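Working notes for the structure below.
FYI, the numbering just counts along the sequence from 1. Source: prediction; values computed, not measured.
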Amino acid sequence: MDPESKKSIDLINDTLASNIQFIHGDSLKTVPKHEGTADLAWVDGGHDYTTAIGDLKNCADKDIPHLLFDDTNMEPVQNAMIDFLKDSPDYRLIWASPDIRGTVYMSKIPMEDNEKK
């Protein structure tokens with residue numbers, strides 16, 4: 001939500017507008033208002049449980065099949081991810097990075113179907 005980050009977002013959107021759209025703002029407000037569909041969401045929101053679980057649920061409500069989620073090395077965010085996976089049986093943890101940020105990939109698409117594409 002930092003105004004300076006909007007410059008980078010505008011540059012990316014201007015360059016890759018046909019493939020990727022970055023939306024600047026509070027994800028708890030922007031995701032529910034987003035019109036249209038998305039194949040993938042990268043969730044990099046607040047580092048508290050309420051924001052993290054809200055972001056994940058909002059993406060699931062939008063039926064986004066692929067979720068990248070980071071900062072899971074932080075306990076509140078990790079707990080939100082664990083609770084989301086327990087409460088959202090359609091989503092599966094596909095991959096977890098050993099990096100310091102704790103980035104994970106979750107998908108509603110069975111892995112064998114992903115590999116066919």
Are the charged groups of D87 and K57 less than 4.0 angstrom apart, N to O?
no

Give the intermediate values and the outcome of side chain to side chain contact (heavy atoms under 4.5 Å, CB included) for residues F84 and I53.
CA-CA 7 Å; F84 173 77; I53 196 73; 3.8 Å; yes

Would you check if L68 and V104 make a side-chain contact, meaning some heavy-atom pair closer than 4.5 Å?
no

Is any side-chain heavy atom of D63 less than 4.5 Å from a side-chain heavy atom of K108?
yes

After noting the C-alpha distance and the side-chain angles of I109 and R92, does the key distance pass the side chain to side chain contact (heavy atoms under 4.5 Å, CB included) rule?
CA-CA 8 Å; I109 311 296; R92 299 279 184 264; over 6 Å; no

Passing candidate, side-chain contact (heavy atoms from CB on, under 4.5 Å) with M106, options V43, D90, L56, I94:
L56

Evaluation steps, side chain to side chain contact (heavy atoms under 4.5 Å, CB included), between L85 and M81:
CA-CA 6 Å; L85 288 168; M81 178 196 67; 4.1 Å; yes

Under the side chain to side chain contact (heavy atoms under 4.5 Å, CB included) rule, what do L28 and T51 come out as? Steps first, then yes or no, please.
CA-CA 7 Å; L28 291 176; T51 303; 4.1 Å; yes

Close side-chain approach of W42 to L67, heavy-atom, < 4.5 Å
no

Do I82 and K86 make a side-chain contact, defined as non-hydrogen atoms from C-beta onward lying under 4.5 Å apart?
yes

With side chains defined as the heavy atoms from C-beta onward, is the minimum distance between L93 and Y105 less than 4.5 Å?
no

Do D44 and D71 come close enough that some side-chain heavy atom pair is under 4.5 Å?
yes

Please determine whether a side-chain nitrogen of the Lys or Arg among D26 and K33 lies less than 4.0 Å from a carboxylate oxygen of the Asp or Glu.
no

